[in-house]
Amino acid sequence: VQLQASGGGLVQAGGSLRLSCAASGRTFSMGWFRQAPGEEREFVAFISWSGGVTYYADSVKGRFTISRDNAKRTMYLQMNSLKPEDTAVYYCAADLRSPRTVPQRGGEYNYWGQGTQVTVSS
């Protein structure tokens with residue numbers, strides 16, 4: 001499975017962006033991670049195959065919304081009320097397994113996109 005992330009860009013604080021992640025094949029678990037300069041990669045959001053289960057990092061809860069369209073094999077991350085601390089390279093990830101718990105570690109995903117830069121200016 002190949003993943004292609006897109007939609008990043010430069011936005012002012014308080015603005016919005018929508019990231020997309022297109023998959024070349026069927027996936028089950030999907031998620032978003034981000035990595036800021038000099039920082040470790042961190043979990044952002046998760047969505048199950050059906051979309052019935054979603055989970056967010058506390059830092060983005062209430063501002064970001066994850067969704068997916070399985071017919072289009074595409075996952076989205078709607079990011080609202082962006083803050084400068086949201087600046088990072090955002091990566092989409094996917095796995096073919098149906099997890100028992102929400103996978104929040106990078107090692108729980110087998111497939112990764114190339115990353116898309118999000119920059120939020122103050």
Side-chain angles (χ1 to χ4, degrees):
V1 176
Q2 293 184 329
L3 304 177
Q4 179 72 39
S6 61
L10 173 64
V11 64
Q12 289 188 331
S16 298
L17 281 174
R18 189 176 82 153
L19 305 183
S20 298
C21 176
S24 63
R26 185 177 181 179
T27 61
F28 282 92
S29 303
M30 296 193 79
W32 289 97
F33 288 75
R34 67 186 182 186
Q35 187 168 20
E39 302 290 331
E40 293 188 353
R41 181 177 59 191
E42 65 172 354
F43 169 81
V44 175
F46 161 83
I47 188 165
S48 63
W49 159 252
S50 68
V53 177
T54 59
Y55 188 81
Y56 300 91
D58 288 343
S59 58
V60 306
K61 200 173 297 182
R63 300 187 297 121
F64 291 11
T65 302
I66 190 171
S67 62
R68 65 190 294 169
D69 183 336
N70 289 334
K72 296 182 179 179
R73 292 177 176 171
T74 301
M75 174 180 64
Y76 306 96
L77 185 68
Q78 178 66 44
M79 305 186 295
N80 298 329
S81 303
L82 282 162
K83 304 175 181 180
E85 51 264 44
D86 294 318
T87 295
V89 177
Y90 283 70
Y91 297 91
C92 58
D95 200 76
L96 301 182
R97 295 165 292 185
S98 181
R100 295 182 179 181
T101 60
V102 172
Q104 299 179 58
R105 296 176 298 174
E108 296 178 279
Y109 296 85
N110 281 330
Y111 303 98
W112 291 84
Q114 84 288 2
T116 184
Q117 176 70 46
V118 172
T119 302
V120 184
S121 63
S122 57

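With hydrogens and angles disregarded, no donor-acceptor distance shorter than 3.5 Å links the side chain of Gln35 to the backbone of Ala88. In terms of modelled atom types and a separation under 3.5 Å, the side chain of Asn70 and the main chain of Ser50 share no donor-acceptor contact.
The structure places CD of Gln4 at 4.0 Å from CD of Gln114, a figure rounded to the nearest 0.5 Å. Separating the CD atom in Gln78 from the CG atom in Leu17 is a distance of 8.5 Å, to the nearest 0.5 Å. Between atom CZ of residue Arg68 and atom OG1 of residue Thr27 there is a gap of 4.5 Å, rounded to the nearest 0.5 Å. We find the CZ-CG distance between Phe28 and Leu96 to be 7.5 Å, quoted to the nearest 0.5 Å. Atom-to-atom distance recorded for Ile66:CD1 and Phe46:CZ is 8.0 Å, nearest 0.5 angstrom. Taking CZ of Phe64 as the reference point, atom OG of Ser59 lies at 7.5 Å (rounded to 0.5 Å).
Here the closest non-hydrogen pair linking Val11 and Leu82 is CG1-CD1, 3.6 Å. Across all non-hydrogen atoms, the minimal contact from Ala13 to Ser122 is CB-CA, 4.4 Å. Minimum heavy-atom separation, Thr116 to Gly7: OG1-N, 4.1 Å.
Note: the hydrophobic cluster containing Tyr111 does not contain Phe43 (ILVMFWY, side chain heavy atoms under 4.5 Å, direct or indirect links). Put simply, Tyr56 and Met75 are part of the same group of oily side chains (I, L, V, M, F, W, Y) that touch within less than 4.5 Å, one to the next.
In this structure, Tyr91 and Trp112 have perpendicular ring planes: the angle between them is above 60°, well past the 30° mark. Between Phe33 and Tyr109, the two ring planes are perpendicular [angle over 60°; tilted spans 30° to 60°].
Arg34 places none of its side-chain heavy atoms less than 4.5 Å from the side chain of Val118. Asp86 has its side chain within reach of Arg63: a pair of non-hydrogen atoms, C-beta onward, lies under 4.5 Å apart. Inter-residue side-chain proximity for Met30 and Cys21 is flagged as met; some heavy-atom pair is nearer than 4.5 Å. Within the 4.5 Å cutoff, the side chain of Arg97 has heavy atoms near those of the Asn110 side chain. The closest side-chain heavy-atom distance from Trp32 to Ile47 is not below 4.5 Å. You'll find the side chain of Thr65 stays beyond 4.5 Å of the side chain of Tyr76, heavy atoms only. Considering only heavy atoms from C-beta on, Met79 comes within 4.5 Å of Leu19 through its side chain. Contact of the Asn80 side chain with the Ser16 side chain is registered, since non-hydrogen atoms from C-beta on lie closer than 4.5 Å.
For Gln117 and Thr119, the side-chain atoms include at least one donor-acceptor pair closer than 3.5 Å.
Among residues two or more places apart in sequence or in another chain, the side chain to side chain contact (heavy atoms under 4.5 Å, CB included) test is passed with Gln2 by Ser24.
Contact check on Asp58 versus Lys61 returns a salt bridge, with a Lys/Arg side-chain nitrogen under 4.0 Å from an Asp/Glu carboxylate oxygen.
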